[in-house]
J.: 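The structure is given below, and queries will be raised subsequently.
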Amino acid sequence: MSSPNFSQQSLNKAMLEAVEFIHGEGWDASPTLFALVPSMLVADQLAELELEDDSQLTLIVQDNLPENIEPGSEQLAEYVSRLAWPAEVAGVILAQEIMFRDTSAEDDSPRPARLFSGVLREQGLELTLLQLRPTEEELEAAGPFAQDDIDLRGGPEVAPGVIAALRYGLEQDPEDLG
């Protein structure tokens, strides 16, 4: 199956959908893995599904992650890199909670954060976003709905090991492993 060319904007939009999904689940969650499937393929398979917006990619939550795998662990990286995705999967996103040390901050002690890493199969596109968990003081100072705010950071080379593990899984042929 030849896959359509997706843009960085397609990956960005899928990442933001993953961020909103995970944010809705609350903090202290297990890692979550999403397959990114072309929306038209999903619509073709589910005739009653109407595409609500112009998203080129649809997130499909993968419910089969072992519960004993800790976020940010070598076990998680190894598990993700052992996955082989079928050709219909255009990309993947991994969301996990980590401890993050912001060396540019006055207080550089580690803080809980969410790390979102996503890659597309063919275009070589990738994106990593970081969401710091707000402290009680920050929530109190920001007002009654502060927990609804999502402040994201990102940049190149934020989590190269995670990106490499995700990309490796996309490069494998599922038939070679079975």
Side-chain angles (χ1 to χ4, degrees), residues 3-43 45-46 49-67 69-73 75-77 79-86 88-100 111-134 147-171:
S3 64
N5 287 324
F6 296 107
S7 66
Q8 184 69 49
Q9 183 178 5
S10 300
L11 178 58
N12 295 354
K13 186 169 183 147
M15 289 285 284
L16 290 177
E17 289 176 21
V19 167
E20 290 173 6
F21 178 89
I22 296 298
H23 189 73
E25 298 289 308
W27 287 93
D28 303 317
S30 298
T32 304
L33 188 63
F34 300 91
L36 300 177
V37 178
S39 296
M40 293 309 296
L41 180 64
V42 174
Q45 296 297 316
L46 303 172
L49 175 69
E50 291 184 34
L51 298 178
E52 297 176 11
D53 57 25
D54 60 350
S55 295
Q56 291 184 316
L57 296 166
T58 298
L59 278 70
I60 312 265
V61 177
Q62 305 301 296
D63 293 328
N64 55 353
L65 265 71
E67 292 182 24
I69 294 182
E70 294 292 322
S73 69
Q75 286 178 308
L76 179 59
Y79 178 82
V80 170
S81 67
R82 284 195 328 251
L83 297 175
W85 297 94
E88 293 82 7
V89 174
V92 292
I93 295 173
L94 176 64
Q96 60 180 316
E97 292 186 17
I98 62 167
M99 293 302 288
F100 176 75
R111 286 182 64 177
R114 289 186 182 124
L115 183 68
F116 298 88
S117 302
V119 297
L120 292 182
R121 182 185 297 271
E122 295 191 15
Q123 289 74 25
L125 299 174
E126 61 188 52
L127 181 62
T128 299
L129 299 173
L130 183 78
Q131 177 189 15
L132 290 176
R133 184 175 189 166
Q147 72 273 9
D148 294 336
D149 292 338
I150 301 174
D151 183 27
L152 298 171
R153 302 175 183 191
E157 300 296 317
V158 173
V162 177
I163 294 293
L166 294 173
R167 188 164 305 288
Y168 184 78
L170 286 170
E171 293 169 353

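Everything quoted here is computed from the prediction, not taken from an experiment.
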J.: State which residues pass salt bridge (Lys or Arg N to Asp or Glu O under 4.0 Å) with D28; sequence neighbours excluded, sorted by chain then number.
T.: R133

J.: Around Y168, counting heavy atoms of other residues, nucleotides and ligands shown, do more than 12 lie under 6.0 Å from its OH?
T.: no

J.: Step through the shown structure and confirm whether more than 12 heavy atoms of other residues, nucleotides or ligands are within 6.0 Å of CD on E171.
T.: yes

J.: Looking at every heavy atom in both L11 and V119, which two are closest together, and how far apart are they?
T.: CD1-N, 4.4 Å

J.: What heavy-atom pair brings L76 and P71 nearest, and what distance separates the two atoms?
T.: CD2-CA, 4.1 Å

J.: Determine, step by step, whether Q56 and Q9 satisfy the side-chain contact (heavy atoms from CB on, under 4.5 Å) criterion, reporting the C-alpha distance in whole Å, the side-chain angles of both residues, the deciding distance to 0.1 Å, and the verdict.
T.: CA-CA 10 Å; Q56 291 184 316; Q9 183 178 5; over 6 Å; no

J.: Walk me through it: do L132 and R153 pass the test side-chain contact (heavy atoms from CB on, under 4.5 Å)?
T.: CA-CA 8 Å; L132 290 176; R153 302 175 183 191; 3.2 Å; yes

J.: Do P112 and M99 come within less than 4.5 Å of each other through their side chains, counting heavy atoms only?
T.: yes

J.: Quick one: does any side-chain atom of R121 pair with a main-chain N or O of L170 as donor and acceptor, under 3.5 Å?
T.: yes

J.: Closest heavy-atom contact between V89 and V37?
T.: CG2-CG2, 4.5 Å

J.: Any heavy-atom pair between the side chains of S73 and Y79 that's under 4.5 Å?
T.: no

J.: Considering non-hydrogen atoms only, spot the tightest contact between W27 and A113 and give its length.
T.: CZ3-C, 3.8 Å

J.: Carefully, step by step, assess L152 and L16 under the rule side-chain contact (heavy atoms from CB on, under 4.5 Å).
T.: CA-CA 10 Å; L152 298 171; L16 290 177; 3.7 Å; yes

J.: For the atom pair CD (Q8) and CG (L120), what is the distance rounded to the nearest 0.5 Å?
T.: 7.5 Å

J.: Measuring from I60:CD1 to E88:CD, what's the distance to the nearest 0.5 Å?
T.: 11.5 Å

J.: Would you indicate whether the side-chain heavy atoms of L57 and E17 approach each other to under 4.5 Å?
T.: no

J.: Counting distance only, does the side-chain N/O of Q96 pair as donor-acceptor with the main-chain N or O of G72 below 3.5 Å?
T.: yes

J.: Could you give the distance from CG (L59) to OG (S39), rounded to the nearest 0.5 Å?
T.: 9.0 Å

J.: Do V92 and Q62 have side-chain heavy atoms sitting under 4.5 Å apart?
T.: no

J.: To the nearest 0.5 angstrom, please state how far the OG1 atom of T128 sits from the CG atom of L166.
T.: 8.5 Å

J.: Do you know the tightest heavy-atom contact between L65 and P31?
T.: CD2-O, 3.7 Å

J.: NZ/K13 to CZ/F6 distance, rounded to the nearest 0.5 angstrom?
T.: 13.5 Å

J.: At what distance, to the nearest 0.5 angstrom, does CE of M15 lie from CG of L36?
T.: 9.0 Å

